[in-house]
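What follows is a single structure, written as structure tokens, with notes after it.
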Amino acid sequence: MDKNLYVYNTLSRKKEIFEPINPPFVGIYVCGPTVYSDVHLGNSRTFISFDIIYRYLLHLGYKVRYVRNITDAGHLEGDRDEGEDKFAKKAKLEQLEPMEIVQKYTIGFHDVMAIFNTLSPSIEPTATGHISEQIEMIKEILANGYAYEINGTVYFDVEKYSKDFPYGQLTNRKLEDLLEGTRELDGQDEKKGRLDFALWIQSKPETLMKWPSPWGWGFPGWHIECSAMGKKYLGETFDIHGGGMDLQATHHTNEIAQSQACSNTVPVKYWMHTNMLTVNGVRMSKSAGNGFLPHELFTGNHPLLERGYSPMVVRFFMAQSHYRSTLDFSNEALQASEKGFQKLMKAGETLNKLKAENESTVNIEELKNNCYAAMNDDFNTPILIAHLFDAVRIINSANDGKEKINQTDLEKLKLVYKSFVFDVLGLKEDKTEKSGEGQLTSDLIDFILNLRLEAKKNKDFSTSDKIRDELTKKGVKIKDTKDGFEWELEN
RNA sequence: GGUCGCGUGGCCGAGUGGCUAGGCAGCGGUCUGCAAAACCGUGUACGGCGGUUCGAAUCCGCCCGUGACCUCCA
């Protein structure tokens, strides 16, 4: 069987065998958030997708350096190198320093990432922390003749660049088409070419976030930070660069151009793009105002939500679709995922209690191979999950005595379950912790159910049913077993 | 207008030129005092019209619908 990992590369529009440039090391750069507002669920999807990719690469034994930046400067309202700085605007609104905005939303972002059980990146560089690297890079691009300065602002010369290198290959577009598609510049004749973009922008007197540069006071353009930081921490050419599909056409296209104009090498071997999260078929985005905030989702406090859903249910829901497909968000879909997730978790508990038999009637080796095959095929988590439900069936059947599993297979199954459910998919039980009061409740429920058990032994079914009905009403789910009972609280 | 993508059974969502995706819901059964859970069984699904082929939902053409990008967004 094919043990290679295949990765869909946006550059070639094909799945390619993944071969790191310097095995066993793997360098991966993911465009992180611009921290001027709360991350919404769409953003979270991208980071959860790459978390699973990161986790799988680690699971395969690669030494991964995972860099995910924080954009905390240089991101203007419009990308025509005009308009207000996002941080400054927000700072004015909230009457705070721009860096207070940055701090607030960086912490918020980290909280959300932790709630979703994502691993921290190896390095999380900020744009403001790498101003000098960006300036150095701009100087090199200028020296190589692919940029020009006008009144303290430095522009990248796209037409010049495109004569020497391919431009727009990520979106498979030709320069002429791009030029045609560009709208008329309104009153902006500073740039030589319509497609040119700013590397460095001269500050205005009222600009809050500005730095000195060879071209005077100013701030970096949005795209240059990723080029500079990727180069600094991963080298002139590294393995994987990822981000949302919305970044493909402009941000990543320009990143490639900058890096190549600077170093004369192709910066990235595999480009990976995650698809958008949609609500009623429309992309979830900040500007559309249809973005869910994670805490709204958890509490259910949102007009479109019937109730709340736990972070792990949401993570599982996302893993049930492929990262390159759009995923549509609905109560029904979420509820289906919740049931499925609980089934998966419960089977995990059952697995831990399972006793080995002398023989096996199940094929764990095949199951394991199926799981690897799914992930090796461009991180196909929905297929992986389908196979994990095969495991669930095996576990429950063995528990019911309908299948048999021997010691070797049992251990193998436990390892597969642990590896894929917890290590790779990054799921975990999200039970509410039991407080002291919870312990009392627990004891009381046990006590009552023991009374019920006695009633059952005496064939006093009207009493036993009454107890069950009452407890069920109060959210205690009861399961009778052969010689006792099990119960759990509904969340 | 240009570029690219998508359209799968009640819902979500994979995949493939002929071989069961999976989850949820529904229906039937086993188990149970009755339930619940679990397990077993169960669905003539692939937008429309043509074409290629022994065979297409999967390839090609046209059409319809829909979305993304082309302007900030993961």
Side-chain angles (χ1 to χ4, degrees), chain A residues 13 30-34 36-37 39-50 75-80 82-83 86 168 171-174 176-183 195 222 242-251 273-278 281-288 291 316-317 320-322 324-341 343-344 346-347 350 370 374 377 380-390 392-393 395-397 399-403 456 459-461 464-465 468-469 472 477-482 485-488:
Chain A
R13 296 161 174 270
V30 173
C31 287
T34 303
Y36 71 100
S37 66
V39 274
H40 61 68
L41 220 57
N43 302 317
S44 305
R45 186 194 184 193
T46 292
F47 303 126
I48 289 172
S49 295
F50 279 107
H75 210 153
L76 299 183
E77 283 282 292
D79 198 38
R80 294 185 225 170
E82 274 196 350
K86 286 185 172 178
T171 43
N172 201 21
R173 266 179 267 190
K174 293 192 181 86
E176 304 85 71
D177 300 337
L178 283 167
L179 280 167
E180 214 168 287
T182 312
R183 296 179 190 175
L195 292 171
W222 174 37
M245 267 181 191
D246 49 349
L247 301 180
Q248 193 174 314
T250 306
H251 184 54
H273 290 98
T274 56
N275 215 138
M276 301 291 107
L277 189 64
T278 59
V282 181
R283 173 183 170 191
M284 185 181 285
S285 74
K286 289 178 186 176
S287 45
F316 178 74
F317 167 70
Q320 272 186 304
S321 75
H322 187 83
R324 280 192 288 112
S325 302
T326 53
L327 172 60
D328 199 52
F329 204 76
S330 70
N331 282 286
E332 235 182 330
L334 234 22
Q335 276 159 28
S337 287
E338 187 173 72
K339 287 263 179 87
F341 173 70
K343 193 169 165 183
L344 196 65
K346 208 173 288 173
T350 306
N370 286 340
D377 184 15
N380 198 324
T381 52
I383 296 285
L384 168 65
I385 289 171
H387 293 307
L388 290 174
F389 277 108
D390 288 340
V392 168
R393 191 176 36 73
I395 291 164
N396 288 328
S397 294
N399 192 45
D400 287 353
K402 288 170 185 155
E403 298 276 7
K456 270 177 64 181
K459 309 257 181 218
D460 180 4
F461 295 122
S464 75
D465 286 357
R468 184 174 63 199
D469 291 348
T472 304
K477 275 198 273 184
I478 295 160
K479 262 195 274 178
D480 289 345
T481 59
K482 244 183 203 135
F485 53 81
E486 284 174 13
W487 63 270
E488 62 181 3

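Values below: all heavy atoms of this structure, side chains included; hydrogens, waters and symmetry mates excluded. Note that the structure is predicted; figures quoted are calculated from it, not measured. Within every chain, numbering begins at 1; the chains are lettered A, B, ... in the order of the sequence lines, protein sequences first and strands thereafter.
Taking the P atom of each, B/C62 and B/A68 are spaced 24 Å apart, rounded to whole Å. Atom name P, nucleotides B/G9 and B/G47: the rounded distance is 8 Å, in whole Å. Nucleotides B/G43 and B/C34 are separated by 29 Å at their P atoms, to the nearest Å. Taking atom P in both B/C49 and B/U42, one finds a spacing of 30 Å when rounded to whole Å. Look at the C1' atom in both B/G33 and B/G23: the space between them is 33 Å, to the nearest Å. Nucleotides B/C54 and B/G17 place their C1' atoms 12 Å apart, quoted to the nearest Å. Here, B/U44 and B/U53 have their C1' atoms 23 Å apart, quoted to the whole Å. Comparing B/C6 with B/C12, their C1' atoms sit 16 Å apart, to the nearest whole Å.
Both A/S464 and A/T274 sit near RNA chain B, but only A/S464 has its closest nucleotide nearer the 5' end. Ranked by how close their nearest RNA chain B nucleotide is to the 5' end, A/G42 and A/A386 are led by A/A386.
For a distance-only test at 3.5 Å, the side chain of A/D465 qualifies as a donor-acceptor partner of the base of B/G33.
Listed by chain and number, the residues in a side chain to side chain donor-acceptor pair (under 3.5 Å) with A/N396 amount to none (sequence neighbours excluded). A/E486 pairs by the salt bridge (Lys or Arg N to Asp or Glu O under 4.0 Å) definition with A/K479, not counting sequence neighbours. In this structure A/S49 satisfies the side chain to side chain donor-acceptor pair (under 3.5 Å) test with no other residue, sequence neighbours excluded. Here A/S321 pairs with A/R45 under the side chain to side chain donor-acceptor pair (under 3.5 Å) rule; sequence neighbours left out. In terms of the side chain to side chain donor-acceptor pair (under 3.5 Å) criterion, A/Q248 has no residue partners (sequence neighbours excluded). In this structure A/A249 satisfies the side chain to side chain contact (heavy atoms under 4.5 Å, CB included) test together with A/T171, A/R173, sequence neighbours excluded. When the salt bridge (Lys or Arg N to Asp or Glu O under 4.0 Å) test is applied to A/D377, the partners found at least two apart in sequence or on another chain are A/K15. Applying the salt bridge (Lys or Arg N to Asp or Glu O under 4.0 Å) criterion to A/D400, with sequence neighbours excluded, gives A/K402. Scored by the salt bridge (Lys or Arg N to Asp or Glu O under 4.0 Å) test, A/D390 finds A/R393 as partners (sequence neighbours excluded).
Nucleotide B/C11 holds its P atom 16 Å from the CG atom of A/L327, rounded to whole Å. Residue A/L277 contributes atom CG, which lies 13 Å from atom P of B/A74 at whole-angstrom precision. Going from atom CD of A/E338 over to atom C1' of B/C11 covers 15 Å, rounded to whole Å. Counting to the nearest Å, the P atom of B/G22 and the CG atom of A/D390 are 8 Å from each other. Atom CD of A/E403 and atom P of B/U30 are 20 Å apart (whole Å). Per the geometry, CZ belonging to A/F389 stands 16 Å off P belonging to B/G13, to the nearest Å.
For the atom pair A/L277 CG and A/F329 CZ, the distance stands at 6.5 Å (nearest 0.5 Å).
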Quick test: give all pairs of protein nitrogen or oxygen and nucleotides 14-16 of chain B nitrogen or oxygen below 3.5 Å, distance rounded to 0.1 Å.
from: B/A14; atom 1: OP1; to: A/H322; atom 2: N; distance (Å): 2.8
from: B/A14; atom 1: OP1; to: A/S325; atom 2: OG; distance (Å): 2.9
from: B/G15; atom 1: OP1; to: A/N380; atom 2: ND2; distance (Å): 3.4

Identify all pairs in which a protein N or O lies below 3.5 Å from an N or O of nucleotides 36-39 of chain B, and state each distance.
from: B/A38; atom 1: O3'; to: A/N396; atom 2: ND2; distance (Å): 3.1
from: B/A38; atom 1: O2'; to: A/D400; atom 2: OD2; distance (Å): 2.6
from: B/C39; atom 1: OP1; to: A/N396; atom 2: ND2; distance (Å): 3.2

(message) Working note: A/N275 + A/L327, criterion side chain to side chain contact (heavy atoms under 4.5 Å, CB included); need CA distance, chi angles, decisive distance, verdict.
(response) CA-CA 8 Å; A/N275 215 138; A/L327 172 60; over 6 Å; no

(request) Report the C-alpha distance between A/L388 and A/V392 in whole Å, list the side-chain angles of each, state the deciding distance to 0.1 Å, and finish with yes or no for side chain to side chain contact (heavy atoms under 4.5 Å, CB included). (result) CA-CA 6 Å; A/L388 290 174; A/V392 168; 5.7 Å; no

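Relative ring orientation between A/F316 and A/F341 is described as tilted, the plane-to-plane angle lying within the 30° to 60° band.
Within the 4.0 Å cut-off from OP1 or OP2 of B/C70, at least one side-chain nitrogen or oxygen of A/T250 is found.
Among the duplex regions that RNA chain B forms, those built from at least three successive Watson-Crick or G-U pairs under 3.5 Å are B:1-7 with B:64-70, B:10-12 with B:22-24, B:26-30 with B:38-42, B:47-51 with B:59-63, ordered by first number.
Stacking of the aromatic ring of A/F47 onto the base of B/A74 is not found under the criterion of centres within 5.5 Å and planes under 30°.
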